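Only one structure is covered here, and it is reproduced in the block below.
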Amino acid sequence: VQLQASGGGLVQAGGSLRLSCAASGRAVRAISNNAMGWFRQAPGKEREFVAVISWRGSSTLYADSVKGRFTISRDNAKNTVLLQMNSLKPEDTAVYYCAAGRSSYAGRDFADYQYWGQGTLVTVSS
């Protein structure tokens, strides 16, 4: 199962980035009816939950630290999931990972996810 995350980069505090996660190959069928999420891991810290969207996009959940600044969305026709990140802060610096849930809905727990993409680095300068 292949999940490809992209869109990371270097941005100044207050700026914006949009991350994309694309499924390919057998991953498309594997995740087509599943929730999709984003996690991040900052240097020296554990991986943490960022956001998740249900398979139809009708339900979303965000970490308190990003609520109101980040927006998760999905385009099932294109097999992609997006994370729009606005008003970025230096503490948002991390490697961001997309993940496919085990079912139509998923939460904050790692156990809710079955497939993980490689990360994309986001660096926010002050």
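Only heavy atoms go into these numbers, but all of them, side chains included; no hydrogens, no water, no symmetry mates. Because the structure is a prediction, the values reported are computed rather than measured.
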To the closest 0.5 Å, what do you measure between OG (S65) and CD (E91)? 9.0 Å

Donor-acceptor contact below 3.5 Å, side chain S104 vs main chain N33: yes

Checking side-chain contact (heavy atoms from CB on, under 4.5 Å) against Y113, which of Y115, F110, W116 comes through? W116

Minimum-distance pair of heavy atoms, taken over all atoms of C21 and W38: CB-CZ2, 3.6 Å

Between L121 and A94 the two heavy atoms that sit nearest each other are CD1-O, 3.6 Å

Around atom CZ of R56, are there more than 12 heavy atoms from other residues, nucleotides or ligands closer than 6.0 Å? no

Distance in Å, M85 CE paired with I72 CD1, rounded so as to fall on 0.5 Å steps: 11.5 Å

So do L83 and V50 actually touch side chain to side chain, heavy atoms under 4.5 Å? yes

Heavy-atom side-chain contact between M36 and V52 under 4.5 Å: no

Heavy-atom closest contact (S16 atom, N86 atom, distance): OG-OD1, 2.9 Å

Candidate pair Y97 and R40, rule side chain to side chain contact (heavy atoms under 4.5 Å, CB included), full reasoning: CA-CA 6 Å; Y97 300 88; R40 67 185 182 186; 5.9 Å; no

Side chain N79, main chain A22, donor-acceptor under 3.5 Å: no

Closest approach of A13 to S126 (non-hydrogen atoms, all atoms of both residues): CB-CA, 4.3 Å

Heavy atoms only: give me the nearest L3-A23 pair and the separation to one decimal. CD2-CB, 3.9 Å

Do F49 and Y62 touch side chain to side chain, with heavy atoms closer than 4.5 Å? no

Examine Y105 together with W55 and report whether their ring centres are nearer than 6.0 Å. no

Would you mind checking if K89 and D92 are paired as a salt bridge, meaning a charged N to carboxylate O distance below 4.0 Å? no

Value rounded to 0.5 Å, distance of OG in S6 from CZ in R18: 9.5 Å

How far apart are the C-alpha atoms of L82 and D75, what are their side-chain angles, what is the distance that settles it, and do they pass the side chain to side chain contact (heavy atoms under 4.5 Å, CB included) test? CA-CA 8 Å; L82 304 176; D75 185 339; over 6 Å; no

Do Q2 and S24 have a side chain donor and acceptor closer than 3.5 Å? yes

What pair of heavy atoms forms the shortest contact from L88 to L17, and how long is it? CD1-N, 3.8 Å

Which distance, rounded to the nearest 0.5 Å, do you find between the OG1 of T93 and the CG of L10? 8.5 Å

Rounded at 0.5 Å granularity, tell me how far OG in S87 sits from CZ in R69. 7.0 Å

Rounded to the nearest 0.5 Å, how far apart are CD of Q118 and OH of Y96? 15.5 Å

Side chain to side chain contact (heavy atoms under 4.5 Å, CB included) between V124 and V122: does it pass, once the steps are laid out? CA-CA 7 Å; V124 184; V122 172; 4.1 Å; yes

Using side-chain heavy atoms (C-beta onward) and a distance below 4.5 Å, is R102 in contact with N34? no

So, R108 side chain and L61 main chain: donor-acceptor pair closer than 3.5 Å or not? no

